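Bear in mind that the values here come from a model prediction, so they are computed numbers and not experimental data.
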Amino acid sequence: MDPITAPWPTTEADALAEQERLRPLVSLTGPGPASGALVCGVDVAYDDDRDVVAAAAVLLSYPDLTPVAEATAVGRVPFPYIPGLLAFREVPAVLEALAQLPAAPALIVCDGYGQAHPRRLGLASHLGVLTGVPTMGVAKTPFLFTATEPAPARGAWTPLLDPASGDEVGRAVRTRAGVKPVFVSVGHRIGLPEAVEVLLALTPEFRLPETTRRADSLCRRALAAAVADPVE
DNA sequence: GCGACAG
DNA sequence: ATCTTGTCGC
């Protein structure tokens, strides 16, 4: 998991071409983390006015979710927000944070999508191919896809469908009884049923995975600190 | 052409 | 993502 060295795409056309290049490298099957393995949550926060991005990577043991380590990275915003091209905005800082972790995770959980993406290469799949590490995406909204409402019980789910192709690109999963579902999709090297099982293990208490919650709060703190003391 | 659109 | 008060409830 090394930081970026090759030139990063600057234009929309280059980014689309890069997605085409990486798409065939994605693997949609795999077992999910073993008991005792490390799972990693990553997230990114921005201050677009100051052109600052802060990423966080948190390591938790699985399935007990004990915090093991964390890392952050701060940099310039490398790409504008364009729906479908989120990875080009988030991945460089995430790779820098991952590179600082003291151990390699067995799974990375991203905030966003993997296969639930117009070209089947969302953030989670993109990061998975670049790192070789299994990844999955957990998002709060269905983006371009549709799902019926899952039953109210925790653990209930419905397929997340691509209306154009009819493909199941992920699942809408109820992680807390009676609370809005989240939308899981495979990133790389894990199957969809396995990703759902991991999601439920990561949400013993709250709607969002513990990995995401911890990474989210850490990257916000890192951003606030970076903006408060610019590089001295 | 216009609007919608992960974070 | 981010701008933002109070409020209800565990």
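One atom, NE2 of A:H117, and another, P of B:dA4, lie 20 Å apart when rounded to the nearest Å. Rounded to whole Å, atom C1' of B:dA6 lies 12 Å from atom CZ of A:R119. Across the protein-nucleic acid pair, A:R220 atom CZ and C:dT2 atom C1' stand 9 Å apart, rounded to whole Å. In this structure, the CZ atom of A:F183 is 11 Å from the P atom of B:dA6, given to the nearest Å. Residue A:L127 contributes atom CG, which lies 14 Å from atom C1' of B:dG7 at whole-angstrom precision. Note: CG (A:L223) to C1' (B:dG7) measures 14 Å, nearest angstrom. Summarising the geometry, the separation between CG on A:L86 and P on C:dT2 is reported as 12 Å, rounded to the nearest angstrom. If you measure from atom CZ of A:F143 to atom P of B:dG7, you get 9 Å, rounded to the nearest angstrom.
Taking only side-chain nitrogens and oxygens, A:K140 comes nearer than 4.0 Å to OP1 or OP2 of B:dG7. Proximity of A:R89 to the phosphate of B:dA6: no side-chain N or O atom is located under 4.0 Å from OP1 or OP2. Taking side-chain N and O atoms only, A:Y46 has no distance below 4.0 Å to OP1 or OP2 of C:dT2.
Here the nucleotide nearest the side chain of A:L144, chosen from C:dT2, B:dC5, B:dG7, is B:dC5. If you check B:dA6, B:dG7, C:dT2 against the side chain of A:D43, the one that comes closest is B:dG7.
Under the 3.5 Å distance criterion, with hydrogens and angles disregarded, a donor-acceptor pair is assigned to the side chains of A:R221 and A:S217. A donor-acceptor contact closer than 3.5 angstrom is absent between the side chains of A:S125 and A:R23. Side-chain contact, A:Y81 with A:E90: no donor N or O sits under 3.5 Å from an acceptor N or O.
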* Structure fact -> Under a 4.0 Å heavy-atom criterion, the protein footprint on nucleotides 3-10 of chain C, written with B, S and -, is --------
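Heavy atoms of A:G84 sit under 4.0 angstrom from at least one base atom. Looking at heavy-atom distances under 4.0 Å, A:L123 makes contact with a base. At a threshold of 4.0 angstrom between heavy atoms, the contacts of A:D48 with the nucleic acid are absent. Nucleic acid contact class of A:A116 (heavy atoms, under 4.0 Å, all strands): none.
Taking the centre and axis of the six-membered ring of A:F183, the NZ or CZ atom of A:R171 falls outside the cone set by 45° and 6.0 Å.
Hydrophobic clustering (ILVMFWY, side-chain heavy atoms < 4.5 Å, transitive): A:L218 and A:L202 are in distinct clusters.
With respect to A:R120 and A:D167, a salt bridge is recorded, a charged nitrogen being found less than 4.0 Å from a carboxylate O.
Below 30°, between 30° and 60°, or above 60°: for A:F88 and A:F79 the angle between ring planes is between 30° and 60°, a tilted geometry.
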